[in-house]
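Residue numbers start at 1 and run along the sequence shown. Nothing here was measured: the structure is a model prediction, and the numbers come from that model.
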Amino acid sequence: MTTKAEPPKIAGFLDEEEMALVKAIEAPGYAPRSELTPAGKKAYAAAARAAMNEARVKISLRIPESDLLRLKAKAMREGMPYQTLIGSILHKAVS
């Protein structure tokens with residue numbers, strides 16, 4: 001028999017403002033909305049395209065397996081591919 005896993009208990013880690021946000025989002029009838037205008041969306045899309053069109057170079061890199069596992073876990077928490085996270089970290093380091 002399988003049982004449904006309980007959601008993680010995060011209340012102990014949230015301050016009052018964060019708890020109020022959680023309650024508001026979980027309330028019946030909540031509908032997310034964006035204050036981003038269509039022009040703003042186009043501007044962000046153009047910036048993203050410009051960033052993605054930069055020439056990319058394939059490299060090979062040897063790192064400790066434990067570091068790679070931690071990078072993959074962090075990328076999963078951030079909701080992105082681990083190679084994107086590594087590129088972001090490198091970009092920040094050299095900027």
- Item | Results of side-chain contact (heavy atoms from CB on, under 4.5 Å) for Ile89 - residues two or more places apart only | Leu71, Leu85
- Residues at least two apart in sequence or cross-chain that pass side-chain contact (heavy atoms from CB on, under 4.5 Å) with Gln83, listed by chain then number, are none
- Item | Where at least one partner belongs to residues 60-69, residue pairs that pass side-chain hydrogen bond (donor to acceptor under 3.5 Å, both in side chains), sequence neighbours excluded | Asp67-Arg70
- Decide yes or no for Glu26 and Val22: does some side-chain heavy atom of the first lie under 4.5 Å from some side-chain heavy atom of the second? yes
- Residues forming a salt bridge (Lys or Arg N to Asp or Glu O under 4.0 Å) with Arg33, sequence neighbours excluded: Glu35
- Message: For Glu18 versus Leu14, what's the shortest heavy-atom pair and its separation?
- Response: OE1-CA, 3.2 Å
- Query: Taking the side chain from Ser88 and the backbone from Thr84, do they hold a donor-acceptor pair closer than 3.5 Å?
  - Reply: no
- Message: If hydrophobic residues (ILVMFWY) are linked whenever their side-chain heavy atoms come closer than 4.5 Å, directly or via other members, who joins Leu36 in its cluster?
- Response: Tyr44
- Please go through Tyr30's hydrophobic cluster and name the other residues, only I, L, V, M, F, W, Y counting, with side-chain heavy atoms under 4.5 Å joining them. Ile25
- From Leu68 CG over to Ile86 CD1, what is the distance, rounded to the nearest 0.5 angstrom? 6.0 Å
- Does atom CE of Met76 have more than 12 heavy-atom neighbours from other groups under 6.0 Å away? no
- Tell me whether Leu61 is reachable from Leu69 by hopping between hydrophobic residues (I, L, V, M, F, W, Y) whose side-chain heavy atoms are closer than 4.5 Å. no
